[in-house]
Structure formats: C-alpha cells, structure tokens
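Note that the structure is a prediction, hence the values are computed from the model and not measured.
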Amino acid sequence: MNRDFPARHVINVIKPQLVDDAAVVSDWMDVLNAVRVFALINVGATDTTVDAKIQQATAVAGTNAKDITGAKITQFTSDDDNKYASIDLETAALDINNGFHFIQLSITAGNGSTGAQVSASIIRTCRHMPPTQPTAYKEQVVVAG
Amino acid sequence: MNRDFAARHVITVIKPQLLTGATAVSGWLAMTDAVRLFTLINIGATDVKVDAKLQQATTSTGTGAKDIDGAALTQFAEDEGEQYASIDLEAAALDINHGFAFVQLSITADPGPEPEEGQPAWTGAQVEATLMRTCRHAPPTQPTAYKEKVVIAG
C-alpha cells in the first residue's frame, strides 16, 4: 500500500461560508517542513468578484507580510459561479533567505447583493512524515485495497 | 522541479453551499486511471448533523450503486461545525472484478426532528468537498469548472 494522503501532507482549510465585501484568511502556516503548497479555491454561487492570493511572512503572527510574485489567481467575475482555481507554490519561491517561511491564503469577495460562497483547501507536501495535523481535522478514514 | 499537483491529480469539487435536509453529490467519477482517491469534506457553520460517504457504481450514471465497506465518515454532530475530515480510498478496494469503476461522494445534512413550536427553523450546514484522484498516467484532463491553475516554481 502507498502511504495514505494525510501521512504525506498537512491539510488546512478555509471553511465554507458566504462572504460579501470582506476577506477571509487561513491561518499562517509554517512551510519549513514543506516542499510545496497546493491551495484550491472553491467558489459556489456568487454575485460578486472573488480574488485569492498567498502571502508570506516571517512569523506565525504574520509579521512583515508581503506578496509572493505571481501567487494569485485571476479574479473571478460575478458570473463565475461554481468554478474553482488553484495556486501551486514551490516553497523555494519564498524569500527564505530573509526568514519568510510562513504563508497564508486570503480570499476576498467584492461588494455584491448576497456575496460569494467560498471555501479552500490548503495542502502542504511534507519533507518529514507523518506530519501533525491541525486539531480541526476531525477524522481520517483510510480504505485500503 | 517536482511535477505540480494538478499534473498528477484530477481535481473535482462539491461547491461550497448551505445544505439543509438534502444531499449534495460530486457526480460519478471514473477510477480507471486512478490509483487512489482522496476526498476532503469541509464543514463550516452548522446546526444539523452531517454525513458523508463514497459509493461505487458500474457506469457514470450510477448503475448498480452500492456502498464501499468502510468508506463513510463518523457523523458530524450539530456542534461540530468548522471541522473537516477525509476519506482516502485505494482504487483496489473497489469491486473492480464486477465492473465497479466509478465512485461518487455524497454529503447529507440531516435536520432531524422539527424544532419545537416557537423555535426558529434549522439553518443547515455550510459544506464543501475536494476530491483528488491520483493518476496512473499524467498529466490528466481536468474538469471544465477548473478555471485556472497558477504554478509558482522556486
């Protein structure tokens, strides 16, 4: 059997929610033990724009937060309902030499009538396994063949 | 550079939505080119119970649909909002010998009994899911709803 997925990846989320004229963010996540980060941004019904990007910082509190060149999606328009997009980031692209080894995904909804249903999964592929998962990760069911 | 994630996985979703007394499904996904399927079920605010499971079928329309032993989550209780869980399925666990090569994720929000008289109706559960099939042959073709893949190399 291959290793199961959570044995090789740390998995975080942005919870599914309706957002209007506001931004929602993931926690700041340490990527020292990660070779890459895959963020999937999932948009349901929307009547406004949706943007998403990954930023980097030097501490878990978001110290010195700044953008990562290219690490953002093309804006979803108000008629881009029920679509999704991803940002796949090699951690070597971070400004590691200056201590930037924390990342955060943010999703920003424009000002609509109702807003946008959004959510995200953020998957860090680990160097050292198995990783410790966040406490909100309630259960891992593995069905082997 | 390692292959980017979407070059090795077909990615499908259940859209984020508010669900009450209903079931949301992924659609039937072919597993013929997949070695495993990882499904992440993500629950936001909820005041109802939530269940999720994978089923298998012999065609893309769900012919002969039946459960897969063990491929179900422990039920989320009404107070277990803002948590998530996963089902990680090896394709070899399917009943391939009888042609079961399609899987579907379903998420059901169960409101249970009606609120007591004078109490507000249940709001429901904010749910979504991500399904990733790890492919034998890469790169795979992605669904059309997959709007954009941004890749940042180091």
Side-chain angles (χ1 to χ4, degrees), chain A residues 1-2 4-7 9 11-18 35-40 42-45 54 68-74 76 80-94 96 116-121 123 125 134-145, chain B residues 1-2 4-7 9 11-18 35-36 38-45 54 68-74 76 80-94 96 125-130 132 134 143-154:
Chain A
M1 171 182 170
N2 297 321
D4 62 85
F5 201 87
H9 304 87
I11 300 168
N12 289 72
V13 301
I14 291 178
K15 66 181 180 183
Q17 59 195 288
L18 181 64
V35 292
R36 66 187 317 131
V37 179
F38 180 77
L40 188 75
N42 193 2
V43 177
I54 293 177
I68 302 164
T69 303
K72 63 179 182 180
I73 60 170
T74 304
F76 283 68
D80 277 334
D81 303 69
N82 305 333
K83 294 181 178 177
Y84 49 105
S86 62
I87 303 172
D88 192 331
L89 173 72
E90 281 193 72
T91 55
L94 298 180
I96 297 285
Q117 282 277 353
V118 303
S119 60
S121 307
I123 298 167
T125 306
T135 54
Y137 197 165
K138 177 177 176 276
E139 183 182 23
Q140 299 162 22
V141 172
V142 180
V143 183
Chain B
M1 171 183 171
N2 297 320
D4 66 87
F5 206 85
H9 302 86
I11 300 170
T12 311
V13 302
I14 291 178
K15 67 179 180 182
Q17 59 193 288
L18 181 64
V35 292
R36 66 187 315 132
F38 180 73
T39 65
L40 187 70
I41 298 96
N42 187 5
I43 309 298
L54 291 173
I68 302 164
D69 284 346
L73 295 182
T74 304
F76 284 74
E80 290 186 319
E82 306 191 6
Q83 297 186 44
Y84 51 104
S86 62
I87 305 171
D88 193 344
L89 173 74
E90 282 194 72
L94 298 177
I96 298 285
Q126 283 278 357
V127 305
E128 71 107 11
T130 302
M132 293 178 285
T134 308
T144 55
Y146 197 166
K147 177 176 176 284
E148 183 183 23
K149 295 177 285 193
V150 174
V151 179
I152 313 295

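- Remark: the Y146(B) side chain and the S86(A) side chain contain an N/O donor-acceptor pair separated by less than 3.5 Å.
- Remark: the backbone N or O of K15(A) is not paired with any side-chain donor or acceptor of E82(B) at under 3.5 angstrom.
- Contact of T91(A) with chain B is not made at all, since no heavy-atom distance falls under 4.5 Å.
- Heavy atoms of A129(B) lying under 4.5 Å from chain A belong exclusively to its backbone.
- With values rounded to the nearest 0.5 angstrom, K138(A) atom NZ is found 9.0 Å from I43(B) atom CD1.
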I'd like to know whether K147(B) forms a side-chain contact (heavy atoms from CB on, under 4.5 Å) with F76(A), so could you lay out the CA-CA distance, the side-chain angles of the two residues, the decisive distance to 0.1 Å, and finally the verdict. CA-CA 9 Å; K147(B) 177 176 176 284; F76(A) 283 68; 3.7 Å; yes
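- Heavy atoms only, all atoms of each residue included: P16(B) and G44(A) are closest at CG-N, 3.5 Å.
- When Q17(B), E148(B), Q83(B), K15(B) are compared by the number of non-hydrogen pairs under 4.5 Å with chain A, E148(B) comes out ahead.
- Contact of I96(B) with chain A is not made at all, since no heavy-atom distance falls under 4.5 Å.
- Put simply, of G81(B), S86(B), G44(B), G70(B), the one with the most heavy-atom pairs under 4.5 Å next to chain A is S86(B).
- Contacts between A125(B) and chain A at a heavy-atom distance below 4.5 Å are absent for every atom of the residue.
- Contact of I123(A) with chain B is made through the side chain alone, with heavy-atom distances under 4.5 Å.
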Mind running side-chain contact (heavy atoms from CB on, under 4.5 Å) on I152(B) and I54(A) for me, showing each step along the way? CA-CA 11 Å; I152(B) 313 295; I54(A) 293 177; over 6 Å; no
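- Of the possible polar contacts, none joining the D88(B) side chain to the Q140(A) backbone as a donor-acceptor pair under 3.5 Å is found.
- Contacts with chain B were tallied for N82(A), I87(A), T74(A), D80(A); T74(A) has the most, counting heavy-atom pairs under 4.5 Å.
- Atom-to-atom distance recorded for I41(B):CD1 and E139(A):CD is 9.0 Å, nearest 0.5 angstrom.
- Interface residue V43(A): only backbone heavy atoms are found under 4.5 Å from chain B.
- Of the possible donor and acceptor atoms, none in the side chain of E128(B) sits under 3.5 Å from a partner among the backbone N and O of N42(A).
- Nearest heavy-atom pair across I14(A) and N42(B) is O-ND2, 3.1 Å.
- Counting heavy atoms from C-beta outward, Q126(B) and Q117(A) have side chains that approach closer than 4.5 Å.
- Put simply, CD1 on I11(A) and OH on Y84(B) are 7.0 Å apart, with the number rounded to the nearest 0.5 Å.
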Run the side-chain contact (heavy atoms from CB on, under 4.5 Å) test on D4(B) and R36(A) for me, step by step, so that the C-alpha distance in whole Å, both residues' side-chain angles and the decisive distance to 0.1 Å come before the verdict. CA-CA 9 Å; D4(B) 66 87; R36(A) 66 187 317 131; 3.7 Å; yes
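- What you find for A93(B) and A144(A) is that their closest heavy atoms are CB-O, 3.5 Å.
- Interatomic distance, R36(B) CZ to D4(A) CG, rounded to the nearest 0.5 Å: 6.0 Å.
- For the pair D69(B) and V143(A), the minimum side-chain heavy-atom distance is 4.5 Å or more.
- When each of L73(B), L94(B), T144(B), L54(B) is checked for heavy-atom pairs under 4.5 Å with chain A, L73(B) comes out on top.
- Under the 30°/60° scheme for interplanar angles, the aromatic rings of F5(B) and H9(A) are found to stand perpendicular.
- Rounded to the nearest 0.5 angstrom, F38(A) CZ and M132(B) CE are separated by 7.0 Å.
- With a 4.5 angstrom heavy-atom cutoff, A7(A) does not touch chain B via any of its atoms.
- Side chain of Y84(A) to main chain of T130(B): no donor-acceptor pair is present (N/O by atom type, distance under 3.5 Å, no hydrogens or angles).
- Contacts of I73(A) with chain B are made by both backbone and side-chain atoms, with heavy-atom separations under 4.5 Å.
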